[in-house]
Amino acid sequence: MTGFLRIDLSDFDNRKEEIAKDLMKAASEHGFFYVINHDIPVKDIRTMFDTSHSFFNLPENIKENYPMDYPRNAGWEKISQVRPSTGVADLKESIQFSFHNTFDLRPSEKEIPGFNHTVEDFMEQCNNVSQQLLICFAIGLGFPHDFFTRCHDISQPDCLNSLRCMRYFEHKSQKQQTKTSKIGACRVGAHNDINTFSLLFQQPGQKGLEVYHDNKWTAVTPKEDEIVCNVGDMIVRWSDDRLQSNLHRVRNPTSEEYQGPRYALEYINEANRSVIIQGRTKYTKPITAGEFLMIAMEKNYRAIKAAQAMSATSSTAVTTSSGETSLSPPALVLV
């Protein structure tokens with residue numbers, strides 16, 4: 001792979017067919033691509049990052065007032081998301097926001113002035129970009145132009161789209177936490193996403209995101225005004241495997257790289273809970289998005305338990321020159 005393609009959204013109304021063609025190439029070859037000439041100003045991305053920093057800098061006892069509520073797809077969590085590729089939790093904390101009935105899971109105006117206004121504006125901007133990509137995916141896959149936008153309707157109460165703000169702990173702390181852990185050289189273990197697709201934002205100088213493609217890990221290095229987009233399993237099913245959902249991870253920084261905390265934003269597009277996800281040639285059995293997610297999570301849970309059991313009896317890990325532990329590629333396959 002020589003590099004990720006750039007999907008140019010400029011002059012969108014007049015270029016939908018052209019954009020759809022480029023999008024299909026990027027999503028079928030790599031499953032990752034950069035979105036350029038979108039309508040989210042860099043200053044707004046920086047403001048959202050600053051707002052997330054304000055939350056993560058709150059005392060722990062305040063953040064604990066907003067615990068992750070999985071049925072509502074919103075709230076704060078810390079060191080709780082486990083990957084089957086490692087069998088241990090990612091070394092990060094995150095706060096997730098949904099569109100409906102979750103204001104009690106957000107900090108108050110007194111705690112962070114202007115917080116909700118910034119979050120809601122940014123979510124709307126991300127959704128606008130996502131709607132453009134959904135239209136082009138529909139064109140490229142031969143569905144009616146509004147097919148996927150109707151399936152990801154944020155006005156509906158069963159909407160699952162969300163914004164996740166993440167802070168990966170500074171590397172100095174991680175080395176202590178991972179001393180005897182199989183997570184080894186990763187801040188986030190290798191995984192596929194089970195959603196439709198995500199819009200990813202990262203800050204300059206905070207490297208680490210990598211994609212496994214053509215039997216090697218490739219760094220994802222967008223410019224500050226570019227959005228990383230990765231394809232998830234939902235739209236892969238709709239496409240009957242024409243599109244790719246590739247393994248990706250966040251590795252630890254090298255000794256020459258920035259060692260402090262790493263921040264990221266992820267706007268997650270998931271089909272509304274009641275929407276039917278069904279291909280036309282291969283995956284013809286109808287299944288709702290809610291059922292799809294439940295099956296994926298149950299499969300994930302079984303894989304985690306298997307990985308943990310395996311680690312107790314044997315190891316598929318190798319030791320790097322720095323003395324850290326990293327998993328070999330065959331151990332990275334998960335759902």
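All heavy atoms count here, side chains included; hydrogens, waters and symmetry mates do not. Counting from 1, the numbers follow the sequence of the chain as shown.
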Heavy atoms only: give me the nearest [X]-[Y] pair and the separation to one decimal.
{"X": "Glu111", "Y": "Tyr66", "value": "OE1-OH, 2.6 Å"}
{"X": "Ser98", "Y": "Arg106", "value": "O-NH2, 3.0 Å"}
{"X": "Ile19", "Y": "Ser10", "value": "CD1-O, 4.5 Å"}
{"X": "Leu243", "Y": "Val231", "value": "CB-CG1, 4.3 Å"}
{"X": "Trp238", "Y": "Ala271", "value": "CH2-CB, 3.8 Å"}

Side-chain ([X]) to main-chain ([Y]) donor-acceptor, under 3.5 angstrom:
{"X": "Asn272", "Y": "Asp158", "value": "no"}
{"X": "His30", "Y": "Ala26", "value": "no"}
{"X": "Ser28", "Y": "Lys25", "value": "yes"}
{"X": "Thr47", "Y": "Lys43", "value": "yes"}
{"X": "Arg167", "Y": "Phe56", "value": "yes"}
{"X": "His213", "Y": "Gly31", "value": "no"}
{"X": "Asn57", "Y": "His53", "value": "yes"}
{"X": "Asp240", "Y": "Lys282", "value": "yes"}
{"X": "Ser162", "Y": "Ile268", "value": "no"}
{"X": "Glu226", "Y": "Lys223", "value": "yes"}

Could you check whether the rings of [X] and [Y] sit parallel, tilted or perpendicular, using 30° and 60° as the cut-offs?
{"X": "His191", "Y": "His248", "result": "tilted"}
{"X": "Phe32", "Y": "Phe4", "result": "tilted"}
{"X": "Phe137", "Y": "Phe197", "result": "tilted"}

Using side-chain heavy atoms (C-beta onward) and a distance below 4.5 Å, is [X] in contact with [Y]?
{"X": "Tyr34", "Y": "Thr221", "result": "yes"}
{"X": "Leu199", "Y": "Ser130", "result": "yes"}
{"X": "Leu105", "Y": "Asp69", "result": "yes"}
{"X": "Asp241", "Y": "Val236", "result": "yes"}
{"X": "Gln125", "Y": "Met123", "result": "no"}
{"X": "Thr218", "Y": "Lys216", "result": "yes"}

Which residue, Thr102, Leu163, Asn73, forms the side chain to side chain contact (heavy atoms under 4.5 Å, CB included) with Gln96?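 So, applying the side chain to side chain contact (heavy atoms under 4.5 Å, CB included) to Gln96 and each of Thr102, Leu163, Asn73, only Asn73 qualifies.
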Donor on one side chain, acceptor on other, Asn269 and His152, under 3.5 Å: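 The criterion, which ignores hydrogens and geometry beyond distance, is not satisfied for His152 and Asn269.
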Looking at [X] and [Y], does any basic side-chain N land under 4.0 Å from a carboxylate oxygen?
{"X": "Lys285", "Y": "Glu291", "result": "no"}
{"X": "Glu18", "Y": "Lys21", "result": "no"}
{"X": "Asp104", "Y": "Arg72", "result": "yes"}
{"X": "Glu170", "Y": "Arg262", "result": "no"}

Distance under 6.0 Å and angle within 45° of ring axis: [X] vs [Y]:
{"X": "Arg46", "Y": "Phe49", "result": "no"}
{"X": "Arg249", "Y": "Trp217", "result": "yes"}
{"X": "Arg150", "Y": "Phe143", "result": "no"}

Derivation of the side chain to side chain donor-acceptor pair (under 3.5 Å) call for Tyr267 and Asn127: CA-CA 8 Å; Tyr267 183 77; Asn127 191 63; 3.0 Å; yes
Is it true that atom CG of Asn101 has more than 12 heavy atoms of other residues, nucleotides or ligands lying nearer than 6.0 Å?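 At most 12 heavy atoms, drawn from other residues, nucleotides or ligands, come within 6.0 Å of this atom.
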Just wondering, are more than 12 heavy atoms of other shown residues or ligands nearer than 6.0 Å to NE2 in His117?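 No, the 6.0 Å shell around NE2 holds no more than 12 heavy atoms from other groups.
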Is there a path of hydrophobic side-chain contacts, each under 4.5 Å between heavy atoms of I, L, V, M, F, W or Y residues, that connects Tyr168 with Met68?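 No; Met68 is not reachable from Tyr168 via cluster members.
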Separation of Asn192 CG from Asp233 CG (nearest 0.5 Å):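 Here the interatomic distance stands at 5.5 Å.
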What verdict does the ring pair (Phe, Tyr, Trp, His ring centres under 6.0 Å) test give for Phe122 and Phe97, after you've listed the backbone C-alpha separation in whole Å, the side-chain angles of each residue and the deciding distance to 0.1 Å? CA-CA 11 Å; Phe122 192 73; Phe97 311 103; over 10 Å; no
